[in-house]
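What's counted below: heavy atoms across the whole structure, side chains too, no hydrogens, waters or symmetry copies. Each chain gets a letter, A, B and so on, in the order the sequences are listed, and its residues count up from 1.
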Amino acid sequence: MRFNFVFGLTLVTIVVLGAIFAPLLAPFHPIMDADLMSSQLPPDGVHLMGTDNQGRDVLSRVLYGARVSLMVGVVSQIINSTIGAALGISAGYFGGRWDDFVNGLTNVMLAIPSLVFALAIMAVLGPGLPSLLIALGLTNWSWTCRIARSSTLSLKSQSFVLAAKSAGFGDWNIMRTQILPNIVGPLLVIGTLGIGSAVLAEAALSFLGIGIRPPTPSWGNMLTDARELLRSAPWAAIFPGLAIFATVLGFNLLGDGLRDMLDPHMRTARGDAGAARA
Amino acid sequence: MTASPLLEIRDLSVHFPLPRTSMFQPRETLRAVDHVSLTLNEGECLSIVGESGCGKSTTALAVMGLQEPTVGRILYRGKPLNGPGAPSRKDRARIAQMVFQDPFASLNPRISIGRMLMAQLALHDLAKGSEARDRVAEMLTRVGLSPDHASRFPHEFSGGQRQRIGIARALMLDPRILVLDEPLSALDVSIQAQIINLLMELQERLKLSYIMISHDLSVVEHVSDRVAVMYFGRVVEEGGWKSVFATPTHPYTRRLIDSVPDMDAVLSDRRQLPPAAPVPSGARFAPDITHRPDPRAPADASGLVEIGAGHRVRLAMQGMT
């Protein structure tokens, strides 16, 4: 349990550091250093991960690709979490017709494969980073919403919420100061897991050619380029693939670890500690 | 009795719709509170007692505005607290506050005590900055805590201390009425006495009026001026505590008093209830407590009948004519 968390954290840290310091770490420029004379070179001392069919250094492109992938993953998940939390908390808190509406919407979202939905949005908006952020940010909030709603339902009848109400605090204030801080844990877990799936979705969309356009490197479009070289230069596909794998695995392990650390009745554990001291 | 009571609950009913058992059946309603009328006078402690599920907590929530009544009015100094003309949630906060039963669920685990109390002052523009800090420190001292407890979080306190914090929170806005929803039932017996003493001292010092919800008659006996006994959503007996305890008349009240563990009675192996007050001949008590009433059924005709000074008991209507 602990090991998973530490391992996940390590993977994520490596990827994040690689993305931040890509300009320092990358031995070549990911786009400009194309050299057809040195295309499809196997990994060696100069090109640690070899070169692709245009002679660009795969390592440099993987490092720069991490920036795109992480940015897309994190930003789209922030959009998802915000939408999900806002809808879920308000639905759970107010109940009634609004709750029915949000529930219906969530169920519809869960019924549509989110990647297909994102594909449709991309088809409308056209490729590019902003539309990718929108497409992925609007399609994956249903789990966040469900968790936020159910946690709110159990919290809203707690007497500290009733106390805040009778002290005169408004509904929005109560949602923000009484309910949200108490469900941040589970939302964080889902958010972390969501980043992993967003990275995967970005790769899939870019692989299909409607995500990040070449020549900007992203792990997805690197795989597209490398598809035809699978026999002659497998390294051009293996390393971006490994990067995706490591990142998604890292975020999933991190999320699972966070859940284990936050979930097992953290409040009772703290309460018991308090009671034992008293 | 003063001219206009501090708080008047007039014909309060709270009904909850029950989930349909089948699609074709009409929706049934649970009558949690059924035509309850009570008054609270200035400086008085009114106790509402009864078994769990009898509607006493729902009555308290309705007084607090946390539960919208189905029918009925709640008046504060003659002005309505619900329905048309009701004050905003913020204005109403200055009138009545509540101390909750479970001291562990009544404090937000993520907010320090000081921040929680200061947020109330800020919301109502009562004090800011160092003045607010001073008032919080003063309040913590008043309820028997120390000012440096303000920086601590709820999990660092024991049950009794948490209940003191709950009282401090309720008093922060200087309300006139305190609704105490079983404030002692989650506490150890030794701590119960401390909290009850604190409450009585505060009542005297701050000229507060209490509505105390309890199932424990031994607690009620010590603090209340008047007692209302509730059974299945209705008041079955009401009166000054002396006359209710000296002449418990309704069979349900007698049963309640009989169920209080009494050391002397256990040791002497016999138990004596005080005599009931006389009721008009031929009258039947309502509801009939020999069988469990159906909380979904509309109540049979009955009324509260005066049997002593301010002492009323519920009798079935047809028996009186």
Side-chain angles (χ1 to χ4, degrees), chain A residues 85 89 92-97 99-100 103 148 151-189 258 261-278, chain B residues 57 60-61 63-67 87-111 115-117 119-126 152-162 165-166 169-173 175 177-179 181-182 186 191:
Chain A
I89 293 177
Y93 187 85
F94 290 119
R97 278 164 187 271
D99 188 26
D100 293 343
N103 254 334
S151 313
T152 306
L153 277 179
S154 67
L155 278 172
K156 79 166 175 180
S157 53
Q158 295 262 10
S159 31
F160 67 81
V161 174
L162 297 180
K165 248 189 214 176
S166 48
F169 289 100
D171 291 326
W172 295 106
N173 188 311
I174 290 173
M175 284 186 242
R176 200 164 43 78
T177 61
Q178 308 291 328
I179 292 176
L180 183 61
N182 282 297
I183 62 173
V184 158
L187 293 190
L188 203 66
V189 172
L258 275 178
M261 283 163 66
L262 294 171
D263 215 36
H265 316 300
M266 179 199 65
R267 219 171 311 146
T268 26
R270 287 168 102 200
D272 286 346
R277 205 174 316 152
Chain B
S57 287
L61 291 178
V63 169
M64 291 306 300
L66 298 170
Q67 172 67 53
S88 68
R89 195 190 276 180
K90 213 172 137 181
D91 292 335
R92 155 178 217 139
R94 309 292 297 275
I95 297 171
Q97 281 295 327
M98 187 158 177
V99 175
F100 292 89
Q101 176 174 12
D102 181 359
F104 287 89
S106 65
L107 300 171
N108 188 340
R110 305 253 166 198
I111 299 179
R115 230 182 94 202
M116 173 188 77
L117 297 176
Q120 287 194 15
L121 293 175
L123 178 75
H124 291 268
D125 288 320
L126 293 176
R152 298 207 194 158
F153 284 84
H155 68 265
E156 300 176 60
F157 293 96
S158 67
Q161 285 175 316
R162 281 169 182 237
I165 295 165
R169 169 180 58 198
L171 291 176
M172 212 61 215
L173 297 174
I177 300 168
L178 222 51
V179 176
D181 186 6
E182 308 238 12
I191 296 171

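- The number of heavy-atom neighbours closer than 6.0 Å to CZ of B:R115, taken from other residues, nucleotides and ligands shown, is 12 or below.
- Minimum heavy-atom separation, A:S166 to B:M64: CB-CE, 3.4 Å.
- Most heavy-atom pairs under 4.5 Å with chain A, from the set B:A96, B:A105, B:A93, B:P175: that is B:A105.
- To the nearest 0.5 Å, the span separating OG1 on A:T177 from CE on B:M116 amounts to 12.0 Å.
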- Query: Are A:Q178 and B:I111 close enough, and set up right, to give a side-chain contact (heavy atoms from CB on, under 4.5 Å), and what steps lead you there?
  - Reply: CA-CA 8 Å; A:Q178 308 291 328; B:I111 299 179; 4.0 Å; yes

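- Looking at B:R92, there are no atoms closer than 4.5 Å to chain A (heavy atoms on both sides), in backbone or side chain.
- Shown here for B:F100 and A:A163, the closest heavy-atom pair between the two residues is CE1-CB, 3.5 Å.
- When every heavy atom of B:P109 is checked against every heavy atom of A:N182, the shortest pair comes out as CG-OD1, 3.3 Å.
- Pairing each heavy atom of A:A167 with each of B:Q97, the nearest pair is CA-NE2, 3.6 Å.
- Formation of a donor-acceptor pair under 3.5 Å by the B:R89 side chain with backbone atoms of A:F169 is found in this model.
- For chain A, no part of B:A170 is nearby; none of its heavy atoms comes within less than 4.5 Å.
- From A:S157, atom OG reaches atom CG of B:L66 across 12.0 Å, with rounding to the nearest 0.5 Å.
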